[in-house]
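A short write-up of the structure that comes next.
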Amino acid sequence: SAQVPPFTEKCVQGTYPPDLSRKVPTVIINLDLKPQDRWTHVVKDMKPQIEDLLVAFKSFIRDFGNWTEAIIKLVDNDFGYLADELPAPYGDELKGIATASGLPLGEVVLYNIFYEIFTV
Amino acid sequence: CTSIVGQDLNGRMYHARNLDFGLFLGWDIKNNTWEITEKLRPTIRILEFQRSGKTLYKTVNYLGYIGVLTGIRPGVFTLTMNERFNIDGGFVGIFEWLLGNHTGQWMSFLTRDTLEQAASYDDAKDRLANTPMLAPAYYILGGTKPGQGCVITRSRQKAIDVWEMSSQPANSWYILETNYDHWKKPMFLDDRRTPANKCMQKLTQKGMGIAGIYDVLSSKPVLNKLTTYTALMQVDSGHLECWLQYCPDPCYPF
């Protein structure tokens with residue numbers, strides 16, 4: 001149903017404001033709290049959504065074959081130590097997120113350095 | 001991604017962006033969507049970072065991600081980051097970092113540090129242009145004064161180009177960046193730059209503002225199946241709003 005590239009523009013008008021159901025809500029991050037505690041309230045509320053994302057990503061990785069299971073285990077079990085190497089306060093913030101969400105620290109670290117890994 | 005910094009006829013500065021993510025991360029043939037893109041949308045939040053009850057800066061984040069891709073320091077500057085693909089990419093930077101070379105900064109932590117610490121547009125520009133990094137990137141920066149807008153093209157080591165809004169006489173009221181070096185043609189399969197520029201020309205400076213720029217970013221193929229959100233910022237008022245984006249069929253996959 002779409003054209004062959006290069007794609008040509010369809011400049012729309014009058015689309016603002018969109019439906020309010022699409023408005024992104026705001027949450028407060030209190031920098032006066034210890035880094036480990038800053039994200040707790042947010043992550044606890046959003047745990048299912050974050051978990052859902054990481055499960056989908058792991059499922060996508062698994063589609064490449066059984067050998068990828070070793071990579072997932074490596075991330076879950078051995079990637080967490082990288083949090084100690086990250087600059088302050090970021091390592092401690094990630095540890096706080098892992099604790100509050102119950103997700104493996106390695107996965108939380110990987111999620112946060114995703115850009116550096118995939119820019120190639 | 002597509003980022004735009006522009007000014008209206010009164011010199012008020014606006015900065016907006018589409019964040020596209022999830023290319024090749026699983027295509028759902030039933031719904032014609034990218035799987036990871038769909039999973040990311042529910043995690044999007046505006047974050048207000050406060051100290052002593054005062055808002056220091058605001059960002060748009062996927063929850064669980066603590067770095068910054070889109071942010072505003074109210075009354076000082078606005079900042080977005082677009083991905084830059086390069087063979088000397090982040091994988092090399094991480095490898096060096098694992099070997100003990102910690103001189104490079106992580107991309108999203110540099111942006112957060114900049115939002116937290118930079119006292120002015122020029123200070124932010126200097127930090128983003130000159131801090132060694134682990135991965136290449138495009139930083140799009142907007143200030144408070146007319147003409148204060150630039151695209152910083154980063155290699156891992158330094159800025160290889162700083163493209164100023166005021167340096168393009170024909171369209172000096174805005175500057176626009178997607179995911180390609182501005183002095184090169186974008187890949188023909190992924191040319192969102194030309195359509196976005198055409199929509200900006202149709203908008204004209206008279207139409208510049210939150211609503212007008214939202215229209216441009218909602219125009220296909222600037223809006224595509226990878227677009228998770230559109231963020232709109234006005235630096236003087238410290239205004240940041242964000243809308244989830246969906247691209248109904250027929251829509252381009254990227």
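The chains referred to below are lettered A, B, ... by the order of the sequence lines, with proteins before strands, and numbering in each begins at 1. It should be emphasised that the depicted structure is a prediction, and the values quoted were computed from it without experimental measurement.
- Interatomic distance, OH of A:Tyr16 versus CG of B:Asp215, reported as 10.5 Å (0.5 Å rounding).
- Using a 4.5 Å cut-off between heavy atoms, B:Ala231 makes no contact with chain A at all.
- Interface summary for chain A: among B:Arg45, B:Arg84, B:Lys202, the most heavy-atom pairs under 4.5 angstrom belong to B:Arg45.
- Using a 30° and 60° split on the angle between ring planes, A:Trp39 and B:Phe49 fall in the perpendicular class, above 60°.
- Contacts of A:Leu86 with chain B are made by both backbone and side-chain atoms, with heavy-atom separations under 4.5 Å.
- For B:Gln50, the parts sitting under 4.5 Å from any heavy atom of chain A are the backbone and the side chain alike.
- In terms of heavy-atom pairs under 4.5 angstrom with chain B, the leader among A:Leu20, A:Leu94, A:Thr26 is A:Thr26.
- Looking at A:Leu53, the atoms closer than 4.5 Å to chain B (heavy atoms on both sides) sit in the backbone and in the side chain alike.
- Contact count against chain B (heavy-atom pairs under 4.5 Å) is highest for A:Gly14 among A:Ser101, A:Ala98, A:Ala100, A:Gly14.
- Only the side chain of B:Leu232 comes within less than 4.5 Å of a heavy atom in chain A; its backbone stays farther off.
- Looking only at distances, a side-chain donor or acceptor of A:Glu116 sits under 3.5 Å from a matching main-chain atom of B:Met107.
- Interatomic distance, B:Ser218 OG to A:Gln13 CD, rounded to the nearest 0.5 Å: 12.0 Å.
- If you tally non-hydrogen atom pairs under 4.5 Å between each of B:Trp97, B:Phe95, B:Tyr229 and chain A, the highest count goes to B:Trp97.
- In this structure, the separation between NZ on B:Lys198 and CD on A:Glu9 is 4.5 Å, given to the nearest 0.5 Å.
- Interface remark: of the candidates B:Gly207, B:Ser52, B:Gly93, B:Ser52 forms the most heavy-atom pairs closer than 4.5 Å to chain A.
- Within the 4.5 Å cutoff, side-chain heavy atoms of B:Phe109 are placed close to those of A:Pro87.
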For B:Glu116 and A:Leu31: C-alpha separation, side-chain torsions, deciding distance, then whether side-chain contact (heavy atoms from CB on, under 4.5 Å) applies. CA-CA 10 Å; B:Glu116 193 155 335; A:Leu31 293 171; 4.2 Å; yes
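- Looking at heavy atoms from C-beta onward, B:Tyr65 lies out of side-chain contact with A:Ile50 at the 4.5 angstrom threshold.
- Residue A:Asp63: no heavy atom, backbone or side chain, is found under 4.5 Å from chain B.
- Salt bridge A:Glu93/B:Arg112: present, at least one basic N to carboxylate O contact under 4.0 Å.
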Might you work through the side-chain contact (heavy atoms from CB on, under 4.5 Å) test for A:Arg22 and B:Gln245, ending with a clear yes or no? CA-CA 7 Å; A:Arg22 287 165 49 191; B:Gln245 282 283 23; 2.9 Å; yes
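- The environment of A:Lys73 atom NZ is sparse: at most 12 non-hydrogen atoms of other residues, nucleotides or ligands sit within 6.0 angstrom.
- Looking at B:Met81, the atoms closer than 4.5 Å to chain A (heavy atoms on both sides) all sit in the side chain, from C-beta outward.
- Within the 4.5 angstrom heavy-atom criterion, no atom of B:Glu38 approaches chain A.
- Residues A:Val43 and B:Leu63 form no side-chain contact, since every pair of their non-hydrogen atoms from C-beta on lies 4.5 Å or further apart.
- Atom NZ of B:Lys39 and atom OG of A:Ser59 lie 9.0 Å apart (nearest 0.5 Å).
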Which is it for B:Ile66 and A:Tyr111 under the side-chain contact (heavy atoms from CB on, under 4.5 Å) test, yes or no, and what are the steps along the way? CA-CA 10 Å; B:Ile66 62 170; A:Tyr111 183 45; over 6 Å; no
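- With contacts defined as side-chain heavy-atom distances shorter than 4.5 Å, the pair A:Pro17/B:Tyr214 does not qualify.
- In this structure, no portion of B:Leu223 lies under 4.5 Å from any heavy atom of chain A.
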As a quick check of understanding, evaluate side-chain contact (heavy atoms from CB on, under 4.5 Å) for A:Phe114 and B:Tyr62, giving each step before the final call. CA-CA 12 Å; A:Phe114 200 79; B:Tyr62 302 116; over 6 Å; no
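- With hydrogens and angles ignored, the 3.5 Å screen pairs a side-chain donor or acceptor of A:Asn112 with a backbone N or O of B:Gly64.
- B:Asp113 touches chain A through backbone and side chain together, each having a heavy atom under 4.5 Å away.
- Taking OG1 of B:Thr59 as the start and CD1 of A:Ile29 as the end, the distance is 8.0 Å to the nearest 0.5 Å.
- For A:Leu82, the parts lying near chain B are the backbone and the side chain together; criterion is any non-hydrogen pair under 4.5 Å.
- Judged purely by atom type and a 3.5 angstrom limit, B:Ser219 uses its side chain to pair as donor or acceptor with the backbone of A:Val12.
- Residues B:Glu35 and A:Phe60 fail the side-chain proximity criterion, which asks for heavy atoms closer than 4.5 Å.
- Using a 4.5 Å cut-off between heavy atoms, B:Thr55 does not touch chain A at all.
- Neither the backbone nor the side chain of B:Leu240 comes within contact range of chain A, judged by heavy atoms closer than 4.5 Å.
- Rounding to the nearest 0.5 angstrom, the gap separating the CZ atom in B:Arg51 from the CG atom in A:Asp32 is 6.5 Å.
- Interface residue B:Ile94: only side-chain heavy atoms are found under 4.5 Å from chain A.
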